[in-house]
J.: 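Just dropping this structure here.
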Amino acid sequence: MRLSAPVRLAALAAALCTLPAFAAPPADLDARVDAAMREHGVPGMAIAIVENGKPVLAKGYGVRKLGSSERVDADTIFPTGSTGKAITAAALAVLVDDGKLGWDDKVIDHMPWFRMYDPWVTNEMTVRDLLVHRSGLGLGAGDLMFVPTSSRSRADTVRALRYLKPATSFRSGYAYDNLLYAVAGQLIEEVSGKTWEVFVRERVLKPAGMGDSVTEQSARFANPNRAWPHARTSGVMRGMGAQAVLDERKTLGDNGAPAGGLSSSANDMAHWLQVQLGKGTWTGNDGKPVKVFSEAQSKQMWTPAVLTPTPTWPGKLAAAAPKFSAYALGWNVRDYRGEKMLDHGGAVFGVQAYVAMIPDRNFGIAVLMNSEDTQAMRGVALEIIDHALGLPDTDWVAAFDEFMDARIDGGLKALEAGAKDKPATGGKPSLAIAQYAGRYSDPWYGPISIKPEKAGLRVDFTQTPGMAGRLEHVQHDTFRTVWDDATIEPAYMTFALGAEGKVDRITLKAASPIADFSYDYQDLLFTPLSE
């Protein structure tokens with residue numbers, strides 16, 4: 001029997017009334033955030049919460065920089081890392097709405113000079129493929145072209161992609177990458193005639209009311225109300241030791257900005273959540289609806305494209321582990337305690353961010369933090385989500401503490417095991433030290449220089465400003481990088497000699513078995529440049 005329209009509406013209203021009503025943010029939220037920050041030494045944090053499509057909180061906590069009294073407020077901008085991948089996806093969605101491209105268009109049709117290592121993959125790669133981590137590239141492949149920074153252009157970075165060998169076959173599985181988001185940024189420029197920075201600012205940030213957000217690093221540095229990065233790097237491994245201020249100019253090169261170069265504030269993130277939950281449209285400050293992208297494109301961006309590994313979380317965190325996990329266009333799609341969740345984490349050195357939405361409940365949260373103490377950020381976020389969903393209180397900060405303690409313990413054991421496997425000190429080099437000097441180049445990274453100096457050898461990764469240091473002999477023809485900047489992961493450099501007794505090639509690997517995946521030293525193969 002088909003119900004009449006009034007009856008159907010009444011039934012729907014009754015059904016909606018059975019859903020848990022959202023509560024205001026926890027009354028003790030400020031005290032909880034302050035306690036978590038103090039316990040973990042977090043300098044500053046900012047939180048945005050949207051419920052029923054409206055901001056209910058946009059607030060800052062703590063200080064922008066250790067040693068400073070300047071407070072974080074709702075307009076303080078933080079680098080948002082990979083949470084900005086959704087912004088790049090949204091910019092492409094605007095172009096789809098404009099009729100300039102389609103999600104399943106071949107990239108090469110819009111950017112004829114685009115090349116992957118495999119010609120068949122070049123011809124088959126679609127716009128959608130750029131965003132969903134199924135290209136066949138290895139985890140973090142090519143990240144050294146913009147991590148920790150770079151002097152090369154985005155177009156030059158994209159051209160280098162053709163030299164990166166795949167780790168698996170095309171579309172056969174999931175491996176997280178940043179490089180193809182840089183390609184997506186270049187594609188936006190090729191199609192629109194405007195750089196990613198300008199197009200995102202004009203067609204995404206401005207209509208979304210995100211006036212504090214910036215796409216250029218220079219614009220972030222020019223804003224006095226910005227958070228500085230902090231990390232613990234003085235201990236045995238990263239994450240241990242005293243909290244210290246990092247160099248804010250060594251977090252990410254502008255060429256990689258479409259993968260994670262956006263900086264934003266709590267107020268702006270509240271607007272972004274409204275746009276997302278509104279399926280592309282939000283109510284502007286004048287009370288009128290503003291469309292950033294269409295509902296059709298919202299659906300595309302939220303639709304899973306590739307399955308991702310379902311983690312097994314230990315201990316108390318097991319209750320929060322998803323039973324289903326996939327990647328859409330700039331978003332993870334998974335379940336959380338019986339609810340569909342879209343979320344994404346973000347990190348550049350010294351800063352972290354987390355954005356999550358429960359779309360069926362019209363709820364969203366963003367947390368920005370100027371340190372690397374994940375447990376405080378993620379724990380607080382889950383506690384707020386649980387409160388909004390009417391779930392029993394859980395000390396998620398303590399659960400993440402337990403998880404991170406186990407991870408650090410595992411890292412220390414890995415370091416200990418790695419120390420047993422590292423090259424033994426000894427064994428004279430095959431050549432006189434000066435004979436290792438020269439100019440070398442890797443097909444995708446580009447040139448480096450090795451020069452003799454009084455103490456031995458000095459290496460300079462010339463397209464990564466500040467990535468320079470001395471080479472410490474380990475054994476035979478293997479040296480260890482001792483970077484001037486101690487926050488950069490060291491590497492072993494092994495020189496191989498040709499039949500003529502001269503350096504024929506150089507291979508590298510991270511010295512630490514737990515180095516960040518963005519230091520993809522293992523993918524490098526340097527050969528001498530002819531003088």
Side-chain angles (χ1 to χ4, degrees), residues 143-145 147-152 233-238 241 244 246-247 249-250 253 349 414-516 518-531:
D143 277 6
L144 275 170
M145 285 192 281
V147 174
T149 185
S150 180
S151 60
R152 70 198 304 167
T233 61
S234 60
V236 176
M237 55 181 283
R238 196 176 187 107
L246 301 184
D247 185 343
R249 297 179 184 272
K250 294 181 180 178
F349 297 128
L415 282 174
E416 183 180 348
K420 295 176 182 177
D421 297 333
K422 76 178 184 180
T425 302
K428 294 182 179 180
S430 302
L431 305 175
I433 291 298
Q435 290 181 278
Y436 293 98
R439 295 176 64 244
Y440 301 87
S441 184
D442 172 82
W444 62 263
Y445 174 82
I448 62 171
S449 71
I450 298 176
K451 298 179 179 179
E453 62 175 12
K454 189 174 182 180
L457 292 169
R458 183 170 180 79
V459 62
D460 186 351
F461 278 58
T462 56
Q463 295 192 108
T464 307
M467 193 169 172
R470 62 185 177 86
L471 290 181
E472 178 182 77
H473 182 251
V474 177
Q475 72 163 357
H476 304 303
D477 297 319
T478 295
F479 295 75
R480 187 179 188 273
T481 61
V482 182
W483 304 114
D484 297 338
D485 181 351
T487 66
I488 298 176
E489 287 284 353
Y492 290 121
M493 297 185 69
T494 298
F495 295 78
L497 308 185
E500 296 179 352
K502 297 179 181 179
V503 176
D504 182 64
R505 61 191 182 278
I506 304 172
T507 56
L508 294 90
K509 72 171 185 176
S512 169
I514 55 173
D516 187 281
S518 286
Y519 289 102
D520 53 327
Y521 294 123
Q522 72 281 353
D523 295 329
L524 295 167
L525 177 61
F526 289 102
T527 54
L529 283 171
S530 51
E531 299 297 334

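The analysis underlying the following values was restricted to heavy atoms, covering all of them including side chains, and did not include hydrogens, waters or symmetry mates. Quantities reported herein were computed from a predicted structural model and do not represent experimental measurements.
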J.: Side chains of R238 and F349: closer than 4.5 Å at any heavy-atom pair?
T.: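 Yes, side chains in contact.
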J.: If you apply the rule side-chain hydrogen bond (donor to acceptor under 3.5 Å, both in side chains), what do you find for D485 with T487, and how did you get there?
T.: CA-CA 5 Å; D485 181 351; T487 66; 2.6 Å; yes
J.: Without swapping roles, check the side chain of T494 against the backbone of T507 for a donor-acceptor pair under 3.5 Å.
T.: no
J.: Starting from the C-alpha separation in whole Å, work towards a yes-or-no answer on side-chain contact (heavy atoms from CB on, under 4.5 Å) for W444 and L524.
T.: CA-CA 8 Å; W444 62 263; L524 295 167; 3.3 Å; yes
J.: For the CZ atom of F479 and the NE2 atom of H473, what is their distance to the nearest 0.5 Å?
T.: 5.0 Å
J.: Does the pair L497 and V503 meet the rule for a side-chain contact (heavy atoms from CB on, under 4.5 Å), with working shown?
T.: CA-CA 4 Å; L497 308 185; V503 176; 4.1 Å; yes
J.: Do I448 and M493 have side-chain heavy atoms sitting under 4.5 Å apart?
T.: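 Counting from C-beta outward, I448 and M493 do come under 4.5 Å.
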J.: Do P148 and T464 make a side-chain contact, defined as non-hydrogen atoms from C-beta onward lying under 4.5 Å apart?
T.: yes
J.: Does the side chain of L525 reach to within under 4.5 Å of the side chain of D442, using non-hydrogen atoms?
T.: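 A side-chain contact under 4.5 Å exists here.
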J.: Should Q522 and D520 count as side-chain neighbours, where that means a heavy-atom distance under 4.5 Å?
T.: yes
J.: Any donor and acceptor pair, going by atom type alone, linking the side chain of Y521 with main-chain N or O of E489 inside 3.5 Å?
T.: yes
J.: Identify the heavy atoms of I488 and G466 that sit nearest to each other, and give their distance.
T.: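 Shortest heavy-atom contact: CD1-O, 4.1 Å.
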J.: Is any side-chain heavy atom of L144 less than 4.5 Å from a side-chain heavy atom of Y519?
T.: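 Yes, at least one pair of side-chain atoms sits under 4.5 Å.
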J.: What's the spacing between S151 OG and M145 CE if we round to 0.5 Å?
T.: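 Going from the OG atom of S151 to the CE atom of M145 covers 12.5 Å.
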J.: Students often mix this up, so state it plainly: with edges at 30° and 60°, are the rings of W483 and F461 parallel, tilted or perpendicular?
T.: perpendicular
J.: Apply side-chain hydrogen bond (donor to acceptor under 3.5 Å, both in side chains) to Y445 and D523, showing your working.
T.: CA-CA 9 Å; Y445 174 82; D523 295 329; over 6 Å; no
J.: When you measure from the side chain of T462 to the backbone N and O of P447, does any donor-acceptor pair fall under 3.5 Å?
T.: yes
J.: So do the side chains of Y440 and V459 get within less than 4.5 Å of each other, counting heavy atoms only?
T.: no
J.: Which atoms form the tightest heavy-atom contact between A515 and A510, and what is the distance?
T.: CB-CB, 3.8 Å
J.: Of the non-hydrogen atoms in S518 and D143, which two are nearest, and what is the gap between them?
T.: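 Heavy-atom minimum between the residues: OG-OD2, 2.6 Å.
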J.: Between L457 and P452, which heavy-atom pair has the shortest distance, and what is it?
T.: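 Shortest heavy-atom contact: CD2-CA, 4.1 Å.
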J.: Which heavy atom of G498 sits nearest to which heavy atom of D504, and what is that distance?
T.: N-CB, 3.5 Å
J.: Going by heavy atoms in the side chains, are T149 and R249 under 4.5 Å from each other?
T.: no
J.: Just how far is it from atom CZ of R480 to atom CD of E472, taken to the nearest 0.5 Å?
T.: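 With rounding to 0.5 Å, CZ (R480) is 6.5 Å from CD (E472).
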J.: Please confirm whether the backbone N or O of A491 pairs with a side-chain atom of T481, one donor and one acceptor, at under 3.5 Å?
T.: yes
